Chemist: 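Have a look at the structure that comes next, please.
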Amino acid sequence: MTNERIERQNRRLADLFGRTPVHLGSQPIFAWKWAPDLMVPIRIERGGLMLIGSYEMVRQVPEADERWLVGQWLPSGSQRNWEAKYGREIPWPQFGMYVSNNKLWARIGQEPDDECTEFAFLLIREHIDGTTARQLEKEKFQKELAIKAMWSDAIDDAWVESVPGKRGGPVSYPVTSAEPEKRIVIP
């Protein structure tokens with residue numbers, strides 16, 4: 001189900017968040033999708049047993065009824081990996097597939113308009129910024145660990161060098177003059 005108004009809103013999302021590479025169809029990274037059209041492969045279960053190698057496509061969001069929601073495009077990986085996992089029962093989505101984040105839904109019977117798309121933009125941006133903030137926090141933590149490790153190594157090196165009898169190090173002799181203190185230089 002597509003129409004010109006939905007395509008217009010998807011162009012707006014593409015302008016804001018980008019598109020997939022041309023060789024992957026140049027699709028918007030985020031786009032309004034009709035909920036019943038979003039499918040995902042799952043392993044078939046019969047009588048409580050998972051059947052190995054048997055998959056079927058089911059709706060990603062069965063509780064979404066018939067409404068519009070924002071999907072995020074994800075690459076499908078190589079055809080070889082896809083077929084190794086799902087066999088040839090389920091066709092390889094060459095240009096990737098959209099997945100729902102289960103948060104950005106339009107009301108039942110409402111087509112996404114400018115207001116819905118603006119709200120979706122704010123929530124997507126908040127998610128992306130939150131992810132970026134977590135990444136920056138993780139990088140900062142890793143830098144702090146690296147600095148602590150560097151200091152620990154510098155202290156260990158300064159202390160170990162003065163151990164008498166250490167292989168390749170100084171041998172114990174009577175002190176005849178005051179040796180200059182070893183100092184750690186802060187970079």
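Note that this is a predicted model, so its numbers are computed, not measured.
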Chemist: Is a side-chain N or O of R19 found less than 3.5 angstrom from the main chain of S26, in a donor-acceptor match?
Modeler: yes

Chemist: Tell me whether N10 contacts the main-chain N or O of A31 through its side chain, where contact means a donor paired with an acceptor under 3.5 Å.
Modeler: no

Chemist: If you look at every heavy atom in K85 and Y55, which pair is closest and at what distance?
Modeler: O-CE1, 3.2 Å

Chemist: Same hydrophobic cluster for F95 and V99, using side-chain heavy-atom links shorter than 4.5 Å among ILVMFWY?
Modeler: no

Chemist: State yes or no: do I90 and I42 share one hydrophobic cluster built from I, L, V, M, F, W and Y residues joined by side-chain heavy-atom distances below 4.5 Å, directly or via other members?
Modeler: no

Chemist: On a heavy-atom basis, which atom in P41 and which in M97 lie closest, and how many Å separate them?
Modeler: CD-CE, 4.1 Å

Chemist: If we only count heavy atoms from C-beta on, is the E4 to R8 side-chain gap below 4.5 Å?
Modeler: no

Chemist: Closest heavy-atom contact between R59 and P36?
Modeler: NE-CA, 3.7 Å

Chemist: Is any side-chain heavy atom of Y98 closer than 4.5 Å to one of P28?
Modeler: yes

Chemist: Using only atom types and a distance under 3.5 Å, with no angle test, would you say the side chain of Q27 pairs donor to acceptor with the backbone of W73?
Modeler: no

Chemist: So which heavy atom on W32 is nearest to which on A120, and how close?
Modeler: CZ2-CB, 4.1 Å

Chemist: Walk me through it: do R12 and D114 pass the test side chain to side chain contact (heavy atoms under 4.5 Å, CB included)?
Modeler: CA-CA 9 Å; R12 289 186 63 211; D114 289 341; 3.1 Å; yes

Chemist: Out of curiosity, does L123 fall in the hydrophobic cluster containing I29 (side-chain heavy atoms, cut-off under 4.5 Å, transitive links)?
Modeler: yes

Chemist: With rounding to the nearest 0.5 Å, note down the distance linking OG1 in T20 to CG in L74.
Modeler: 11.5 Å

Chemist: Hey, quick one: are L122 and L16 part of the same hydrophobic cluster, counting side-chain heavy atoms closer than 4.5 Å, chains of contacts allowed?
Modeler: yes

Chemist: Any sub-3.5 Å donor-acceptor pair from W92's side-chain atoms to G77's backbone N or O?
Modeler: yes

Chemist: So do the side chains of C116 and Q9 get within less than 4.5 Å of each other, counting heavy atoms only?
Modeler: no

Chemist: Should the heavy atoms of other residues, nucleotides or ligands under 6.0 Å from CD of E115 be counted, would the total exceed 12?
Modeler: no

Chemist: According to ring pair (Phe, Tyr, Trp, His ring centres under 6.0 Å), who are the partners of F121, at least two apart in sequence or on a separate chain?
Modeler: F17

Chemist: Going from CE on M57 to CG on L38, what distance comes out if it is rounded to the nearest 0.5 angstrom?
Modeler: 10.0 Å

Chemist: Within the structure provided, determine whether W68 and E111 are in side-chain contact (heavy-atom separation under 4.5 Å).
Modeler: yes

Chemist: Tell me whether F119 is reachable from L13 by hopping between hydrophobic residues (I, L, V, M, F, W, Y) whose side-chain heavy atoms are closer than 4.5 Å.
Modeler: yes

